[in-house]
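Okay, structure first, notes after.
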Amino acid sequence: MSAFVFTVSATDGAARRGRLVTAHGAVDTPAFMPVGTAATVKAMFPETVAATGAQMILANTYHLMLRPGAERIARLGGVRDFMNWPGPVLTDSGGYQVMSLAKLRKIDATNGVTFQSHIDGAKHVLSPESSIRIQHQLDATITMAFDECTPYPATKDEVAASMRLSMGWAARSKQAYVDRPGYGLFGIVQGGVHADLRAESAARLKEIGFAGYAVGGLAVGEGQDLMFATLDVTVPHLPADRPRYLMGVGKPLDIVGAVARGIDMFDCVLPTRSGRTAQAFTRFGALNLRNARHADDPRPLDPTVSCPASRDYSRAYLHHLIRSDEILGLMLLSWHNVAFYQQLMAELRDAIAGGTLDAYARQFAADQARGDGERDDETGA
């Protein structure tokens, strides 16, 4: 079985091109992980996800512990066998979902979080130890430490207390984790938008020691400028020989800016969620396929993307599918969006290797701002 190894093959400024080798396969970085919350990337076959170039996906502890249950998945061979995905899987610890979805939460530093399921109201407890145990039962390639995602906005005192709670839970997560060749546990840096709290959090996580380091608590409403500023004061505190993961991000321009600041891994529901709401990401900005202007448009979504959904179906046909509430429309848009994100990551890797990232980022931003030359608003005009 392979060891869990991260190597950097090229740099361009703070940006890194690298490779993460795991027990379940290798991942080229910078990498975007499609989100398969409930052991499925919504509206896509696992084979189709892999065909886009995705090498690792994300699944979620909170959702899978509630339905169908971690014990059942363990009996069926783990989440990878369960969903027929051969590659690596990263599992979110469930901390964010407990805060955002669950009902009647009660946080206790010792016992973790007691909450009611958003599905049926049943009472559950999620602690560092139980989160790590569930992720082990799921057979996650990368396990995430259990943390509290600090709300935004919050006072600095509230952010500090939340971060220190998460650091205590990180130490307990590390103690509960069962190390195996080719598997890894990631710690999560918290601290809101405060440089000193981010530095304190990173220092504590390095003392504990993790296979990788995530930046959590961003993309929660602070805006791109503040997110980038926070990365600027956080990433330099993270070990250069470990992968860096920005959780829950995001929009294409957010990813490009974060890669330039030294981030290696990303996840976000945006590609598939947007696909299910008729939005397509393209080289020249996002399109709303509900709009009437697409009804007679024979062009493909984006012929620069190497994906059948991007090249082989007209905007007119996609508009028809969406307006007719046909499931195929949502499937094709989701497929295209995931492929667009994977092509973006491949182009970023090539730009870093070629020392042209700055020029690539400027051109990409200009293309996104340009649009495709026609109005695309909610009126359909």
Side-chain angles (χ1 to χ4, degrees), residues 31-60 63-64 67-68 79-90 92 248-252 255 266-347 368 372 376 378 380:
F32 180 86
M33 298 177 286
V35 174
T37 299
T40 172
V41 178
K42 293 185 186 299
M44 295 188 69
F45 296 109
E47 297 84 355
T48 311
V49 175
T52 68
Q55 296 168 305
M56 178 160 57
I57 63 171
L58 180 145
N60 183 260
H63 288 279
L64 293 175
R67 188 170 56 192
V79 69
R80 296 166 55 258
D81 284 354
F82 186 56
M83 67 179 295
N84 193 34
W85 172 259
V89 172
L90 180 149
D92 194 344
V249 174
K251 297 177 182 178
I255 290 174
F266 302 85
D267 82 281
C268 189
V269 299
L270 201 57
T272 48
R273 179 175 290 172
S274 295
R276 299 194 309 279
T277 56
Q279 185 180 56
F281 294 97
T282 77
R283 176 70 51 183
F284 299 108
L287 304 176
N288 182 350
L289 271 299
R290 290 191 180 278
N291 289 350
R293 73 176 181 86
H294 299 295
D296 295 302
D297 193 337
R299 294 179 296 165
L301 282 174
D302 190 337
T304 71
V305 178
S306 180
C307 169
S310 311
R311 297 188 320 248
D312 299 344
Y313 298 85
S314 71
R315 298 182 186 193
Y317 180 59
L318 293 165
H319 170 78
H320 158 69
L321 293 176
I322 296 298
R323 285 298 182 107
S324 302
D325 292 325
E326 289 289 344
I327 293 172
L328 180 60
L330 311 184
M331 294 175 67
L332 288 171
L333 290 180
S334 298
W335 187 9
H336 158 76
N337 283 342
V338 172
F340 174 82
Y341 270 63
Q342 294 305 323
Q343 182 152 314
L344 170 61
M345 304 316 295
E347 291 174 357
Q368 289 287 294
D372 73 345
D376 189 45
E378 294 302 323

Exercise for review: Go through the steps to decide whether L301 and L287 satisfy the test side chain to side chain contact (heavy atoms under 4.5 Å, CB included), and finish with yes or no.
Suggested key: CA-CA 9 Å; L301 282 174; L287 304 176; 4.2 Å; yes
Point to revise | Residue pair R315 / L289: nearest heavy atoms and the distance that separates them | key: O-CD1, 3.8 Å
Exercise for review: Please check if the side chain of S334 supplies one atom and the backbone of M331 the other of a donor-acceptor pair under 3.5 Å.
Suggested key: no
Review point. F340 and C307: side chain to side chain contact (heavy atoms under 4.5 Å, CB included), yes or no, with the steps?
Key: CA-CA 8 Å; F340 174 82; C307 169; over 6 Å; no
Review point. Which distance, rounded to the nearest 0.5 Å, do you find between the CG of L330 and the CG of L318?
Key: 10.5 Å
**Study point:** Evaluation steps, side chain to side chain contact (heavy atoms under 4.5 Å, CB included), between K42 and T37
**Key:** CA-CA 8 Å; K42 293 185 186 299; T37 299; 5.5 Å; no
Review point. Do you know which two heavy atoms are closest between H319 and R290, and how far apart they sit?
Key: CE1-O, 3.2 Å
Revision key, fill the gap. Here the pair of heavy atoms bringing Y341 nearest to G250 is OH-O, 2.9 Å
Review point. Taking C-beta and beyond as the side chain, do L328 and Y317 meet within less than 4.5 Å on heavy atoms?
Key: yes
Practice item. Check step by step if side chain to side chain contact (heavy atoms under 4.5 Å, CB included) holds for S314 and H294. Key: CA-CA 9 Å; S314 71; H294 299 295; over 6 Å; no
Review point. Within the side chain of D302, is there an N or O that forms a donor-acceptor pair under 3.5 Å with the backbone of T282?
Key: no
Review point. Between the main-chain N or O of T272 and the side-chain N or O of R276, is there a donor-acceptor pair closer than 3.5 Å?
Key: yes
**Study point:** Minimal non-hydrogen separation, P300 against S310, with atom names
**Key:** CB-O, 3.3 Å
Exercise for review: For S324 and L321, indicate whether the former's side chain and the latter's backbone hold a donor-acceptor pair under 3.5 Å.
Suggested key: no
Exercise for review: Grab the two heavy atoms, one from Q279 and one from N337, that are nearest each other, plus how far apart they are.
Suggested key: O-ND2, 3.0 Å
**Study point:** Main-chain N/O of F281 paired to H336 side chain as donor or acceptor, under 3.5 Å
**Key:** yes
Check your understanding: Do the side chain of R80 and the main chain of P88 share a donor and acceptor less than 3.5 angstrom apart?
Key -> no
Review point. Could you give the distance from CG (D297) to CG (N291), rounded to the nearest 0.5 Å?
Key: 11.5 Å
Check your understanding: So do the side chains of M345 and I255 get within less than 4.5 Å of each other, counting heavy atoms only?
Key -> yes
Point to revise | Check: D267 side chain, G248 main-chain N or O, donor-acceptor pair, under 3.5 Å | key: yes
Practice item. Check R283 against Q368 and note the closest heavy-atom contact, atom names and distance. Key: O-NE2, 3.0 Å
